[in-house]
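Here the structure is laid out as structure tokens; the discussion comes afterwards.
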Protein chains: 2
Amino acid sequence: MKDPAEMKKRCTRVAAILKTLAHPQRLFILCTLIRGEAAVGELQRECGASQSLISQHLTRMRREGIVQARRSGNFVRYRVADPKLSELIMNMERIFNE
Amino acid sequence: MKDPAEMKKRCTRVAAILKTLAHPQRLFILCTLIRGEAAVGELQRECGASQSLISQHLTRMRREGIVQARRSGNFVRYRVADPKLSELIMNMERIFNE
DNA sequence: TTCAAATATTATAATAATCTAATATACCTG
DNA sequence: CAGGTATATTAGATTATTATAATATTTGAA
């Protein structure tokens with residue numbers, strides 16, 4: 001927790017995660033998903049972005065290990081992959097609500 | 001906390017902050033600064049980046065309201081501007097330490 | 001006032017992120 | 001299997017971010 005080299009490694013790792021969170025629509029999607037699973041179409045409607053763009057956001061977050069997908073018939077439902085990230089998002093909501 | 005339009009506004013605002021945090025060196029600088037003030041030169045040494053680059057990082061964070069500067073003789077000392085951000089960084093350290 | 005140290009700014013080349021439009025794939029139903 | 005709905009992928013133009021090098025500013029001290 002104090003070794004500078006170790007600290008830098010962590011900063012690099014965490015910065016990569018933050019980079020993925022640092023987009024209005026991706027953050028909105030995550031704020032939605034911490035409340036529970038949602039299908040792409042729902043996210044698309046709530047988010048108000050194009051199908052392609054939402055899908056690209058989700059793909060990026062999937063690759064980054066931030067969300068997980070599961071197919072349910074014709075739909076694909078997403079959830080937050082890591083409880084740590086749910087916790088982080090909830091912290092941010094608490095901190096930034098006025 | 002549930003109105004989608006309000007939620008989007010907040011996501012836009014918070015995403016802008018996260019974008020600024022989402023860089024290994026800037027994050028490292030902030031992790032250092034939550035422990036207390038530091039001069040540019042110290043940050044530069046601990047960070048191992050060029051003088052110009054550190055200064056650019058600090059300028060950006062200053063513009064974003066994330067850090068504050070004060071001159072102390074020949075040096076300029078920086079601190080975290082907003083306790084909310086200190087709290088966020090500390091939360092992230094807790095969450096991502098293993 | 002001149003010098004040197006500390007910090008800031010500017011210009012710019014290289015790289016990465018973003019969005020749109022078009023196309024592809026997967027699955028269900030008849 | 002044909003058609004439709006849901007989602008994913010790709011290509012490409014546009015814009016933003018990053019890092020380096022060069023230069024400028026500020027300040028204390030001789």
Side-chain angles (χ1 to χ4, degrees), chain A residues 8-9 11-30 32-33 36-81, chain B residues 8-9 11-30 32-33 36-81:
Chain A
K8 277 181 204 176
K9 265 188 225 158
C11 283
T12 299
R13 193 173 109 260
V14 174
I17 297 170
L18 291 182
K19 215 166 181 177
T20 299
L21 305 194
H23 183 288
Q25 289 166 351
R26 288 196 294 268
L27 194 54
F28 182 87
I29 288 171
L30 284 171
T32 304
L33 290 183
E37 272 194 349
V40 180
E42 305 174 48
L43 295 171
Q44 185 183 337
R45 260 168 272 123
E46 292 180 33
C47 210
S50 74
Q51 186 272 315
S52 172
L53 191 47
I54 294 290
S55 188
Q56 286 178 70
H57 286 324
L58 289 168
T59 298
R60 171 166 178 179
M61 293 198 279
R62 217 180 334 111
R63 271 200 311 257
E64 204 75 43
I66 289 172
V67 299
Q68 269 183 340
R70 81 182 167 90
R71 203 167 251 286
S72 167
N74 216 343
F75 301 83
V76 177
R77 321 204 83 229
Y78 280 83
R79 69 177 69 185
V80 178
Chain B
K8 277 181 205 176
K9 265 188 228 157
C11 285
T12 299
R13 192 173 110 258
V14 174
I17 296 170
L18 292 182
K19 214 165 180 176
T20 300
L21 305 194
H23 184 288
Q25 290 165 350
R26 287 194 296 266
L27 196 53
F28 183 87
I29 289 172
L30 283 171
T32 304
L33 291 184
E37 272 195 348
V40 180
E42 305 174 47
L43 296 171
Q44 185 183 338
R45 259 168 275 122
E46 293 181 31
C47 209
S50 74
Q51 186 272 317
S52 171
L53 190 48
I54 293 290
S55 188
Q56 287 179 70
H57 286 325
L58 289 168
T59 298
R60 169 165 180 179
M61 293 199 280
R62 218 178 336 110
R63 272 200 310 258
E64 204 75 43
I66 289 172
V67 300
Q68 269 182 341
R70 81 182 167 91
R71 204 168 249 285
S72 166
N74 217 342
F75 301 81
V76 176
R77 320 203 85 229
Y78 279 82
R79 70 177 67 184
V80 179

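Side-chain atoms are counted along with the backbone in the values below, which use heavy atoms only and exclude waters and symmetry mates.
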Check: For C:dA8, does OP1 or OP2 lie under 4.0 Å from any side-chain N or O of B:Tyr78?
Finding: yes
Next item on the list: State whether the side chain of B:Ser55 and the backbone N or O of B:Gln51 hold a donor-acceptor pair below 3.5 Å, judged by distance alone.
Entry: no
Next item on the list: Give the nucleotide from the list D:dA6, C:dT18, D:dA19 with an atom nearest to the side chain of B:Gln25.
Entry: D:dA19
Item checked: Spacing between B:Asn74 atom CG and D:dA30 atom C1', to the nearest angstrom -> 14 Å
Margin query: If you assign each of A:His57 and B:Val40 to its closest nucleotide in DNA chain C, which residue comes earlier from the 5' end?
Written below: B:Val40
Notebook entry, point to check: Taking atom P of C:dT20 as reference, at what distance in whole Å does atom CD of A:Gln44 sit?
Noted result: 13 Å
Note to self: Under a 4.0 Å threshold between the charged nitrogen and the carboxylate oxygen, would A:Glu64 count as salt-bridged to A:Lys19?
What the structure shows: no
Check: Is there a side-chain contact between B:Val76 and B:Arg70, using heavy atoms and a 4.5 Å cut-off?
Finding: no
Check: Rounded to the nearest Å, what distance is computed from the CE atom of residue A:Met61 to the P atom of nucleotide D:dA8?
Finding: 11 Å
Margin query: Side-chain N or O of B:Arg71 versus OP1/OP2 of C:dA6: is the shortest distance under 4.0 Å?
Written below: no
Check: Between A:Arg63 (CZ) and C:dA17 (P), how many Å, whole number?
Finding: 10 Å
Notebook entry, point to check: Looking only at N and O atoms, is any donor in the side chain of A:Gln51 or the base of D:dA6 less than 3.5 Å from an acceptor on the other one?
Noted result: no
Notebook entry, point to check: Looking for any heavy atom pair under 4.0 Å, which part of the strands does A:Ser55 touch: base, sugar-phosphate only, or nothing?
Noted result: base
Checklist line | Rounded distance (Å) that lies between atom P of C:dA6 and atom CZ of B:Arg77 | finding: 14 Å
Check: How about B:Glu42 and B:Phe75: do any of their side-chain heavy atoms sit closer than 4.5 Å?
Finding: no
Note to self: Pick the closest DNA chain D nucleotide for A:Ser52 and for A:Lys19 by heavy atoms, then say which residue is nearer the 5' end.
What the structure shows: A:Ser52
Next item on the list: Grab the CD1-P distance between A:Ile54 and C:dC19 for me, whole Å please.
Entry: 10 Å
Next item on the list: Have a look at B:Arg26 and say if it touches a base, only the backbone sugar-phosphate, or nothing, with a 4.0 Å heavy-atom cut-off.
Entry: sugar-phosphate
Check: Which whole-number value in Å describes the distance from B:Gln56 CD to C:dA11 C1'?
Finding: 10 Å
Checklist line | A:Leu53 CG to D:dT10 C1', straight-line distance once rounded to whole Å | finding: 14 Å
Checklist line | Test item: A:Arg26 side-chain N/O and A:Thr20 main-chain N/O as donor-acceptor pair under 3.5 Å | finding: yes
Note to self: Just to be sure I understand the rule, does B:Ala49 reach a base, reach only the sugar-phosphate, or reach nothing, if contact means heavy atoms closer than 4.0 Å?
What the structure shows: nothing
